[in-house]
Amino acid sequence: MLKIENLTANVGDKQILKGISLTVNAGEVHAIMGPNGSGKSTLAQVIAGHPGYEVTGGTVTYDGQDLLDMDAEVRAQQGIFLAFQYPVEIPGVSNAYFLRAAYNEVRKARGLEEVDPMEFLDIMTEKLKIVEMTDDMLQRSVNFGFSGGEKKRNEILQMAVLEPKLAVLDETDSGLDIDALRIVAEGVNKLKRPDNATIVVTHYQRLLNYIVPDYVHVLAQGRILRSGGKELALELEERGYDWLLETAGASA
Amino acid sequence: MPHLKYRELFDAAAPQAAAKDFLPKLKIAAIEHFEALGFPTTRDEDWHFTSVSPIAERTFRPARPAALTVTNEDVARFTYVDSHWHLLVFVNGRYEPTLSRFAELDAEVQVMTFAEALKEAPELLAERLGTLAPAKQAFTALNTAFMADGVVVKVPKGVVVETPIHILYLTDAHAANASMHPRTLVIAERHAQVTLVETFGSLGGGTYFTNHVAEVVVGEGARVDHYKVQREGHEAFHVGTTQATQERDSIYHAFSFAIGAQLSRTNVYSKLLGENAEVRLNGLYALEESQHADHQTFVEHIAPACSSREVYKGILDGTSHGVFNGKVYVDPQAQQTDGKQTNHALLLGDGARVDTKPQLEIFADDVKCTHGATVGRLDEMAQFYMKSRGIGGERARALLTYAFAAEVLELIELDSLKVALERVLFERFIPPETV
């Protein structure tokens, strides 16, 4: 589904990604872990098409297409979804309007009829249950005045509505208490299907108790230092990141 | 001097013989005042960012009566869904009874055209006209000298007028190179309530000049909601001055929506004369290309314990230029004044600019007065957030622009008007296929 080869990317003059290669197949859950400043979030943003990051080398192929050639909105319409680490507040645009606009754009791209507000409300009733939210939040402005937990749940709600093929969760666990974490993780698990894939970007192993990864990759200093199964996450939890960095330094 | 041409126009039109009557007297005094004042220049503090030389260097003769070409369909473009509203239509400054309609009103409520008021309530005009808006300012003097028609509304003590009164000023091709000087006088007596909507619209008027003055008396415990919708033609000039006085416990809410005219100036002034009065001055303007819109508000806190609230927002595309000047004066006696003013501008065009000047003159010590102003561009993170959900760039910009305006549109308490103005904004900023 997603094939990243030797990807390099800059912010301004600073190189953040220094050659990332990663293959994600349908039905898989990949965790990308690493210390702060390792480039985890950059990788997530580059996949989503953030204009602030400049891809300087490598390729990203998504469903056989050149992903880097697509605008951010086209990527979303084609089934890529980024759950933001810091969801953006948009005062003045209701969540319901925003969600329906996004839903209809994605439907249009899939050659489906747009839905009207009444039909959409029926769809929302189901989706809200996934993240244990009530419909009063539909009338509120997008993320505006939301608590940290509400914002993250709203991200998963959007994911539930848009039904992406490839979801990238960028530090979705940061700032969440254990209840919110459980709701968010269970939401993600409910949305898991054999034909979609998830990349979970996280600093801590905690989230991976709920969303069990098939693969764990450790990213540091812009490179993947090690890949392994879910047991790698536990090892990191136990030993921290330093031993890996030292090993990498010694071998370099 | 360009402004002296107006004296000639005045002399050609004014009936000198009746100068003993109050109206000719008022008008003669006004033209003399105007002669002495001339048009303001950018050396005047109140006109620092707005040059009226495009108005001053032309001569706009008063509009002449012409055969009526405006239809009910034309009128419908500028009315709002509530067809039961009281509607007075003026075409090129003159009242058109065939296009107007009247709702049921309490028998004591007077809604008159200027001409009717001169016949039926001359003493009311003589007593009030020009007292709130004296001919001290050049454009007000010009309006007073040339006012030919307009509306007088008087709501007696304790009467609540439920149905809004809509005054629609339309121009058509006959207005080219002409000036209109409509006048509005509203008197809400003790505990009376009334809602007025004044709309200025164009049906292809070319280069014309609207110079409107409204005087609003808000009596003790009375409430007046006063909406002004300025949708003049793109080549038009518009100057409008609204001056209110408020007695104790009164509420005056003035909302200004401005989207038209190549050059416009909108003044809204209120004088808080009685304790515990409340004034709300809100506005939204949206400009494109080389449009210029200047808004000035002036709240005079004369009595203690009054409150003033102002929210103005501007959306500026192209190379347009917006000006906002919010003046607040707090008299030494006006203790416990509570004033809050905010002004936000959204710059869409690279060449767009805005000049903002809050002006607080506070002479009492126990007051709370705040003001805040921002000038910004569309939030790039919010644009990316929308794109990351599949919403394309143009639509994302349009939605964010609309969202910026929504906060102030929410302050419109007439739902049908709110919906209509939302649509007017949508038409300008949102590409049709995305609505």
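In this text the structure is predicted, and so the values were computed from the model without any measurement.
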Those residues of residues 404-413 of chain B that come under 4.5 Å of chain A on a heavy-atom basis, listed by number, are B:A406

Inset, instruction - Measure the shortest side-chain to side-chain distance between A:Y97 and B:L399 over non-hydrogen atoms and say whether it is less than 4.5 angstrom. - result: yes

- Item | More than 12 heavy atoms of other groups within 6.0 Å of A:F144 CZ | no

dist B:S388:OG -> A:F81:CZ (nearest 0.5 Å) comes out at 7.0 Å

The interface call for A:V142 against chain B, heavy-atom contacts under 4.5 Å, is side chain

Answer key: most heavy-atom pairs under 4.5 Å with chain B among A:L99, A:V161, A:L82 is A:L82

Nearest heavy-atom contact between B:F384 and A:P51 is CD1-CD, 3.8 Å

Q. When you look at NZ of B:K327, are more than 12 heavy atoms from neighbouring residues, nucleotides or ligands closer to it than 6.0 Å?
A. yes

When rounded to the nearest 0.5 Å, the distance separating CD of A:Q77 from NZ of B:K387 is 11.5 Å

Check: Counting only heavy atoms not in B:K340, do more than 12 sit closer than 6.0 Å to its NZ atom?
Finding: no

Turns out that what part of A:N143 lies under 4.5 Å from chain B's heavy atoms comes down to side chain

Tightest non-hydrogen contact, residues A:V88 and B:A382, listed as CG1-CA, 3.7 Å

Salt bridge between A:E155 and B:R389, side-chain N to carboxylate O under 4.0 Å? yes

Closest non-hydrogen atoms of B:A403 and A:P91, given as atom of the first, atom of the second and distance, are CB-O, 3.3 Å

request  = Kindly say whether the aromatic ring centers of B:Y385 and A:Y86 come within a distance under 6.0 Å.
outcome  = no

Nearest heavy-atom approach of A:A76 to B:G390 is CB-N, 3.2 Å

Minimal heavy-atom distance between A:E73 and B:I391, with the atoms involved, is CB-O, 3.9 Å

From the list A:S141, A:P87, A:G52, A:A102, the residue making the most non-hydrogen contacts under 4.5 Å with chain B is A:A102

